[in-house]
Amino acid sequence: MREKIVAGNWKMNNDLAETEELISKLKLQMVKEPEAKVMVAPGFPNLYPTFQALKDTPVIVAAQNMHENESGAYTGEVSAAMLKSVGVTTVILGHSERRAYFHEDSAILKKKVLTAINNDMTVIFCFGEELEDRKNDKHFDLVEKQLKEALFDLPKSAWKNIILAYEPVWAIGTGETASPEQAQEMHKHIRTLLDKNVGKEVADSTSILYGGSVKPNNAKEIFAKEDVDGGLIGGASLNAVDFVAIVNSF
Ligand code: 13P
C-alpha cells in the first residue's frame, strides 16, 4: 500500500524562535492522527530542537540535504551519522535548488542516495523538468534520465526507503502549479518507469509526491489524482494554518 505523505520543506527560513513558534502552531492546528504521514524539514541548526518538540507527535523530522561521505575533512558538510544522532532518519535529496545553485548532478546524487540507504535512512528524492524542457516536449525523457542516472541501479530492497517527489522547476515558488492533469500524467509516467526498470511491486508501493506551489486551494484536486500520493510543500508549509489545511486535503 502506498502511503499518503505531506512534507513541508522549510528551506532556508526561520531562526530558532521562529521555528519553535511554527511548531507550536502546528501542534495546535493538527489533529492527533492525521490521515497522511506528515514530515517537516527545518534547516540544520533547528533539526534537533524540532525533533525534541515533535517527539510526542507522529510528525517526522527530515533534513534538507546530506553529504555523500560517511565522515572526514569536508568542512561545512553534514553526515548521515550526524543526522541520525539527533533523531533524523529522513533526508531530502536532489532538490532542484541543490541541483541549480550547488551543482549537484546525478553522479553526486547517486552517491548521496546510496549513503543514505546504507545508513538505513529514508530518502525523499526530488527531480523534475525546467520550463524549457516542457516547452520542447522533453519533460518525460528528462525525468526518465534523472531517475535512471540516480536510482535505477539501486538494489530492489532499497526502494522501501525511497519516496519520490516530482517537482517541475517552473512551478516551484512561482505560484504556477502543474494542473492536476499534468501532475497525474507525469506521475503515471514515473510509475510506468518504475514498473519497467525496477518491478511492479516497487511501482505499486512507492509514494510519488507532487511539489510546486501546492496551496490549500489546489491541494485537494491534485491529491485526488490516482498516482499522486501527496505533496512536498515549500512556501505554504511556513504557515501552520495553510500547511495543516494541505495535510487535511485527502
Ligand atoms: P513551493 O511550494 O514554494 O513552490 O516549493 C516547492 C518546493 O520546492 C518544495 O520542495
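Counting begins at 1 with the first residue of the sequence.
- No more than 12 heavy atoms of other residues, nucleotides or ligands shown are found within 6.0 angstrom of CD on E201.
- Applying the 6.0 Å contact sphere to CD of Q29 captures more than 12 heavy atoms from other residues, nucleotides or ligands.
- Side-chain contact annotation: N65 with K112, donor-acceptor N/O pair under 3.5 Å present.
- Between L54 and I23 there is a side-chain heavy-atom pair separated by less than 4.5 Å.
- The minimum heavy-atom distance linking R2 with E226 is given by the pair NH2-O, 2.8 Å.
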T90 vs V61, side-chain contact (heavy atoms from CB on, under 4.5 Å): CA-CA, chis, key distance, verdict: CA-CA 7 Å; T90 301; V61 181; over 6 Å; no

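- Aromatic ring orientation, H187 versus Y166: perpendicular (interplanar angle above 60°, classes split at 30° and 60°).
- For K215, the NZ atom is densely surrounded, since the number of other residues' heavy atoms within 6.0 Å is greater than 12.
- Other residues, nucleotides and ligands place more than 12 heavy atoms under 6.0 Å from the CD atom of E149.
- Around NZ of K25, the count of heavy atoms belonging to other residues, nucleotides or ligands within 6.0 Å does not exceed 12.
- Without hydrogens or angle criteria, N69 side chain to S71 main chain gives no donor-acceptor distance under 3.5 Å.
- Within 6.0 Å of OH on Y48 lie no more than 12 heavy atoms contributed by other residues, nucleotides or ligands.
- In this structure, K145 places its NZ atom where only 12 or fewer heavy-atom neighbours from other residues, nucleotides or ligands lie under 6.0 Å away.
- Between L93 atom CG and Q64 atom CD the span is 11.5 Å, to the nearest 0.5 Å.
- Checked options K110, R98, R99, K111; the residue passing with E104 is R98 (criterion: salt bridge (Lys or Arg N to Asp or Glu O under 4.0 Å)).
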